Amino acid sequence: MAEERLTVVIAARNEEDALPRLHPRIRSVLDRLDSVASRVLYIDDGSTDQTWEVMQRLAASDAGVELLRLSRNFGKEAALTAGLDLVAEDSAVLILDADGQDPPELIPQFVSAWRAGHDNVYGTRVLREGEGWLKRATAHGFYRVIGRLSKTPIPADTGDFRLLSPRALLALRQLRERHRFMKGLFGWVGYDQLSIPYHRESRIAGRSNFGAWKLWNFALEGITSFSTAPLRAATYLGLLVAALAFVYGVVIIVRALVHGDPVAGWPSMMTVVLFLGGTQLVALGLIGEYLGRLYEEAKQRPLYLVQQWMPAREGVSSGTTDTAGASHAHSEAVAGRQAR
Ligand code: UDP
Ligand code: MG
């Protein structure tokens with residue numbers, strides 16, 4: 001039987017304390033997998049602490065580790081994209097958080113699901129440890145809203161913890177949009193999906209990169225990337241307000257005909273003007289959200305820039321490549337894929 005290949009992809013930003021604790025766990029799990037040639041690819045997403053040095057130490061002691069360093073912080077979604085672009089075409093990929101919240105001990109379960117023929121195996125959180133009720137409640141609300149609004153099926157309580165078969169990965173790579181709502185992109189790809197319930201653990205070290213404001217923007221990103229329902233809602237809101245205004249107009253005319261037309265109604269006038277002004281601004285802002293994203297898309301900038309790439313030493317003849325050569329080769333590879 002031909003040996004299957006699996007690449008574990010981990011995006012990390014300021015995870016100097018977590019990585020040394022996570023890596024041995026991944027290593028021991030991968031060592032126990034039968035007939036799977038595995039690699040671990042770490043992406044340093046513009047960390048400001050010692051993460052890159054820590055990664056280099058891991059690569060020095062483990063020949064199956066591959067490193068990628070982006071030129072600055074591009075955000076988790078872009079960092080993951082950079083990693084996925086680098087994975088060999090015949091390899092499946094497993095995405096993991098660097099902070100140990102997604103337990104690597106579940107990897108064998110993902111791999112058996114893949115062997116059973118599933119292309120898109122995702123972990124669904126049944127329990128979230130170390131996260132406050134507010135985060136849990138808003139996350140719950142978000143998944144329900146996006147589930148209703150989006151035509152693409154986006155499974156609830158599912159993060160980036162998942163395994164993609166080679167063909168699902170190839171499909172995902174074709175989606176080059178700038179505003180990358182990964183949960184949605186994974187869902188868009190489709191194929192044979194399977195959910196694996198798991199307990200989301202607390203971070204093993206460090207602090208979450210996602211505060212409340214970032215999460216709110218993330219939610220907006222998700223909704224605007226995968227649904228135009230808000231635009232339609234604006235239309236209906238406009239229709240509703242117009243209908244109310246019409247009824248109110250009739251009332252005013254009838255009242256004026258019956259009782260004459262004494263100059264009054266300043267409060268009602270102000271109410272109507274302010275209400276209309278408010279709804280118009282909301283609708284404009286909504287259009288602006290979409291227009292802004294269209295603008296970002298139109299610029300066609302690359303999704304990320306690579307500063308350094310260190311291929312795994314295992315099975316690779318050349319060792320560490322020099323910075324310029326590596327990033328050149330890599331951007332060419334990416335350009336080639338984008339052209340497809
Ligand atoms: N991450 C990243 N780039 C960023 C922010 C986060 O690569 O700009 C990584 C981070 O190192 C971690 C994962 O994304 O591996 C999830 O981030 P975090 O744990 O901070 O988010 P949370 O689990 O709290 O939602
Ligand atoms: Mg986390």
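These figures come from a predicted structure and were not determined experimentally. Quick note: numbers below take in every heavy atom, side chains included, and nothing from hydrogens, waters or symmetry partners. One-based numbering, in listed order, for ligands and for the atoms of each. Numbers here are sequence positions counted from 1.
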**Q** Run the salt-bridge test on Arg27 and Asp62 with the 4.0 Å N-O cut-off and return the result as yes or no.
**A**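 Salt bridge between Arg27 and Asp62, a charged N being under 4.0 Å from a carboxylate O: yes.
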
**Q** Heavy atoms only, cut-off 4.0 Å: how does Asn73 contact ligand 1, side chain, backbone, both, or neither?
**A**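 It is the side chain that touches ligand 1; the backbone stays farther off.
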
**Q** Any N or O on Ala79 sitting closer than 3.5 Å to an N or O of ligand 1?
**A**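 No, since none of the N or O atoms of Ala79 sits under 3.5 Å from an N or O of ligand 1.
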
**Q** Salt bridge between Arg13 and Asp44, side-chain N to carboxylate O under 4.0 Å?
**A**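 Salt bridge flag = no for Asp44 with Arg13.
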
**Q** How about Asp99: does one of its N, O or S atoms come closer than 2.8 Å to the Mg ion (ligand 2)?
**A**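 Here the distance criterion (N, O or S atom, under 2.8 Å) is met by Asp99, so yes.
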
**Q** Heavy atoms only, cut-off 4.0 Å: how does Asp97 contact ligand 1, side chain, backbone, both, or neither?
**A**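 Both backbone and side chain of Asp97 come within 4.0 Å of ligand 1.
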
**Q** Using a strict 4.0 Å cut-off to heavy atoms of Ala11, name the atoms of ligand 1 that fall inside it.
**A**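 So the atoms of ligand 1 that pass are 7 (O), 9 (C), 10 (C), 11 (O), 12 (C), 15 (O).
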
**Q** Heavy-atom contacts under 4.0 Å between Glu15 and ligand 1: side chain, backbone, both, or neither?
**A**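 Side chain only.
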
**Q** Who clusters with Val258? Use side-chain heavy atoms, under 4.5 angstrom, across I, L, V, M, F, W and Y, and order the result by chain and number.
**A**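 Phe246, Val250, Val254, which link up through side-chain heavy atoms under 4.5 Å apart, make up the rest of the cluster.
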
**Q** Non-hydrogen atoms of Arg200 versus ligand 1: any pair closer than 4.0 Å?
**A**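 True for this residue.
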
**Q** Any pair with a residue in residues 4-49 that passes ring-ring contact (aromatic ring centres under 6.0 Å, His included), sequence neighbours left out, goes on the list, sorted by first then second residue, please.
**A**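 For residues 4-49, and leaving out neighbouring residues, the ring-ring contact (aromatic ring centres under 6.0 Å, His included) pairs sorted by first residue read His23-Tyr42.
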
**Q** Could Arg72 and Phe74 be counted as a cation-pi pair, given that NZ or CZ must be under 6.0 Å from the ring centre and within 45° of the axis?
**A**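 Pair Arg72/Phe74 counts as cation-pi.
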
**Q** Could you tell me, atom by atom, which parts of ligand 1 come under 4.0 Å of a heavy atom of Asp45?
**A**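 Within the 4.0 Å cut-off of Asp45, ligand 1 contributes 2 (C), 3 (N), 4 (C), 7 (O), 8 (O).
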
**Q** Under a 4.0 Å N-O cut-off, is there an ion pair linking Arg69 with Asp45?
**A**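 Asp45 and Arg69: not salt-bridged.
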
**Q** Salt bridge or not between Arg115 and Glu4? Use side-chain N to carboxylate O under 4.0 Å.
**A**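 Salt bridge between Arg115 and Glu4, a charged N being under 4.0 Å from a carboxylate O: yes.
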
**Q** I need the atoms of ligand 1 closer than 4.0 Å to a non-hydrogen atom of Ala12, numbered in the order shown.
**A**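 Counting atoms of ligand 1 from 1, those under 4.0 Å from Ala12 are 7 (O), 11 (O).
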
